[in-house]
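Being a predicted model, the structure only gives us computed values, none of them experimental. Below, chains carry the letters A, B, ... as their sequence lines are ordered, and counting in each starts from 1.
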Amino acid sequence: MILSPSFYRQEDVVQIARSLLGKVLVTKVEGSYTSGIIVETEAYEGITDKASHAFGGRRTSRTEIMYENGGVAYVYLCYGIHHLFNVITHTKGVPHAVLIRAIEPLKGLEIMLKRRHKLLLKPTLTNGPGVLSQALGITTKLNGKSLQGADLFIEDIGISLLPENIVATTRVGVAYAGKDALLPYRFYIQGNAFVGKAKGL
DNA sequence: CAAACGATTTTCT
DNA sequence: GAAAATCGTTTGG
């Protein structure tokens with residue numbers, strides 16, 4: 001079943017980040033469906049989190065979407081090269097977000113391989129926030145889109161994880177955030193081959 | 001209006 | 001292991 005708006009509007013963004021593990025992110029871009037099981041996430045706790053774009057309540061044209069009601073996508077370009085996909089959570093006015101860092105390919109494998117210019121299925125196909133967006137065809141065109149749409153949603157396919165299989169640790173690439181960089185806001189499925197290994201492990 | 005800077009990935013040494 | 005690639009957003013003049 002597709003995750004409902006009420007799922008995204010829970011108050012605890014860290015709990016949502018944990019809950020998204022094992023769910024399936026589905027996109028339909030240029031007529032083709034692609035999907036993958038979410039195996040790694042990071043929580044960005046709004047105005048109190050120095051690593052968040054909305055830290056201190058900053059509102060700019062880019063971050064405005066973060067203040068929307070939970071259940072929309074926040075996609076932005078990083079390093080001029082990579083599109084990073086986030087889920088906006090909590091209610092209107094509270095800029096919480098969850099970054100999807102890695103997925104395990106599920107459907108549309110051929111299309112994902114083609115988009116990534118690969119021939120074989122390897123973890124590098126979708127094991128980072130930039131590359132999974134490329135594989136799923138996610139670009140800034142999806143910024144602000146509802147996660148209830150026919151071409152972008154997250155569904156629960158009945159995967160349940162044991163607590164001991166969920167690892168909580170520090171986030172990646174946010175050293176500039178000072179003590180907030182030490183918060184255990186990153187979650188991943190223990191032992192999954194598609195969890196990012198590029199950094200910090 | 002000009003300049004600096006990334007919630008990263010790939011490639012070269 | 002180190003460095004380049006690359007551009008929209010943000011910040012300062």
Side-chain angles (χ1 to χ4, degrees), chain A residues 8 13-14 16-18 20-21 25 36 38-68 70 72-90 94-105 112-145 147 154 167-188 193-201:
Chain A
Y8 300 106
V13 66
V14 176
I16 293 175
R18 185 194 301 265
L20 282 173
L21 293 177
L25 174 60
I38 297 169
V39 298
E40 183 179 358
T41 64
E42 281 181 4
Y44 285 84
E45 196 166 32
I47 65 175
T48 64
D49 181 356
K50 205 170 182 181
S52 169
H53 291 157
F55 173 67
R58 290 172 74 241
R59 295 186 92 114
T60 65
S61 54
R62 180 176 63 161
T63 62
E64 191 61 31
I65 197 66
M66 298 179 75
Y67 292 83
E68 263 309 307
V72 299
Y74 169 44
V75 183
Y76 79 100
L77 188 63
C78 185
Y79 294 98
I81 304 173
H82 305 289
H83 298 270
L84 303 207
F85 177 80
N86 296 253
V87 171
I88 297 304
T89 73
H90 210 292
V94 184
H96 287 185
V98 176
L99 169 68
I100 307 302
R101 288 196 60 86
I103 63 171
E104 177 178 329
M112 291 193 270
L113 287 170
K114 193 172 180 181
R115 285 184 183 138
R116 293 274 294 127
H117 307 108
K118 304 267 185 189
L119 294 176
L120 299 171
L121 174 57
K122 294 181 184 175
T124 54
L125 186 69
T126 56
N127 72 348
V131 295
L132 81 82
S133 293
Q134 188 180 352
L136 292 177
I138 293 171
T139 67
T140 53
K141 289 178 185 173
L142 297 183
N143 190 39
K145 275 207 151 198
L147 297 175
I154 299 176
V167 181
T169 183
T170 54
R171 292 175 292 185
V172 176
V174 295
Y176 61 86
K179 65 176 173 53
D180 285 338
L182 302 177
L183 294 168
Y185 281 3
R186 171 169 167 246
F187 300 94
Y188 63 88
F194 292 88
V195 171
K197 299 185 182 70
K199 280 184 158 184
L201 287 182

I need the [atom1]-[atom2] distance between [X] and [N], as an integer number of Å.
X        : N      : atom1 : atom2 : result
A:Leu183 : B:dA7  : CG    : C1'   : 14 Å
A:Arg116 : B:dT8  : CZ    : P     : 15 Å
A:Lys122 : B:dT10 : NZ    : C1'   : 14 Å
A:Ile88  : B:dA7  : CD1   : P     : 15 Å
A:Tyr76  : B:dT8  : OH    : P     : 7 Å
A:His83  : B:dG6  : NE2   : C1'   : 15 Å
A:Gln134 : B:dT10 : CD    : C1'   : 11 Å
A:Met66  : C:dT9  : CE    : C1'   : 14 Å

### Message
Heavy atoms within less than 4.0 Å of DNA chain B: which residues of residues 55-65 of chain A have one? Give them sorted by number.
### Response
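Contacting residues: none.
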#### Entry: Partners meeting side chain to side chain contact (heavy atoms under 4.5 Å, CB included) with A:Val14 (sequence neighbours left out)
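Side chain to side chain contact (heavy atoms under 4.5 Å, CB included) check on A:Val14 returns A:Asp12, A:Ala43, A:Tyr185, A:Phe187.
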### Query
Which residues pass the side chain to side chain contact (heavy atoms under 4.5 Å, CB included) test with A:Gln134, sequence neighbours left out?
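In terms of side chain to side chain contact (heavy atoms under 4.5 Å, CB included), with neighbours along the sequence ignored, A:Gln134 is linked to A:Arg116, A:His117.
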Which pair of non-hydrogen atoms, one from [X] and one from [Y], has the smallest distance, and what is that distance?
X        : Y        : result
A:Asn143 : A:Val75  : OD1-N, 3.0 Å
A:Ile65  : A:Ile88  : O-CG1, 4.0 Å
A:Ala73  : A:Leu142 : CB-O, 3.7 Å
A:Ala102 : A:Leu132 : N-CD2, 3.4 Å
A:Val98  : A:Val13  : CG2-CG2, 3.7 Å
A:Ile38  : A:Ile103 : CA-CG2, 4.2 Å

### Task
Could you check whether A:Arg171 gets within reach of a base, just the sugar-phosphate, or nothing at all, counting any heavy atom under 4.0 Å?
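Nothing: the residue A:Arg171, judged by heavy atoms under 4.0 Å, touches no strand.
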Between side-chain atoms of residues 47-57 of chain A and protein atoms elsewhere (two or more places apart, or another chain), which donor-acceptor pairs fall under 3.5 Å?
unit_1	atom_1	unit_2	atom_2	d
A:Thr48	OG1	A:Glu45	O	3.2
A:Asp49	OD1	A:Ala51	N	2.9
A:Asp49	OD1	A:Arg171	NH2	3.0
A:Asp49	OD2	A:Glu45	N	3.1
A:Asp49	OD2	A:Arg171	NH1	2.6
A:Asp49	OD2	A:Arg171	NH2	3.3
A:Ser52	OG	A:Ala54	N	3.0
A:His53	ND1	A:Tyr74	OH	2.8

### Message
side chain to side chain contact (heavy atoms under 4.5 Å, CB included) for A:Thr170 and A:Arg186? Distances and angles first, verdict last.
### Response
CA-CA 5 Å; A:Thr170 54; A:Arg186 171 169 167 246; 5.7 Å; no
### Message
With a 4.0 Å limit, can you tell me whether A:Arg101 has a side-chain N or O closer than that to the phosphate oxygens OP1/OP2 of B:dT8?
### Response
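True: A:Arg101 side-chain N/O within range (under 4.0 Å) of B:dT8 OP1/OP2.
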Run the salt bridge (charged side-chain N to carboxylate O under 4.0 Å, His left out) test against [X] and tell me which residues pass, sequence neighbours left out.
X        : value
A:Glu68  : A:Lys92
A:Arg59  : A:Glu64
A:Arg101 : A:Glu40, A:Glu42

## Note on the structure
Under the rule of Watson-Crick or G-U wobble with both distances under 3.5 Å, where | means paired to another strand and [ ] a crossing pair, DNA chain B maps to ||||||.|||||.
### Query
Between A:Thr63 and A:Met66, is there a donor-acceptor pair closer than 3.5 Å when you use the side chain of the first and the backbone of the second?
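No: the side chain of A:Thr63 does not pair with the backbone of A:Met66.
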Taking N or O atoms only and anything under 3.5 Å, show me the protein contacts with nucleotides 2-7 of chain C, one pair per line.
unit_1	atom_1	unit_2	atom_2	d
C:dT6	O2	A:Tyr79	O	2.4

Output one line per pair: protein atom, nucleotide atom from nucleotides 11-13 of chain B, and distance, for all N/O pairs under 3.5 Å.
none

### Task
Not counting sequence neighbours, which residues clear side-chain hydrogen bond (donor to acceptor under 3.5 Å, both in side chains) with A:Arg58? List them please.
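So A:Arg58 forms no side-chain hydrogen bond (donor to acceptor under 3.5 Å, both in side chains) with any residue.
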Scan nucleotides 2-4 of chain B against the protein and return all N/O pairs shorter than 3.5 Å with their distances rounded to 0.1 Å.
none

### Task
Could you grab the distance from atom OG1 of A:Thr41 to atom CD1 of A:Ile16, nearest 0.5 Å is fine?
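A:Thr41 OG1 to A:Ile16 CD1: 10.5 Å, rounded to 0.5 Å.
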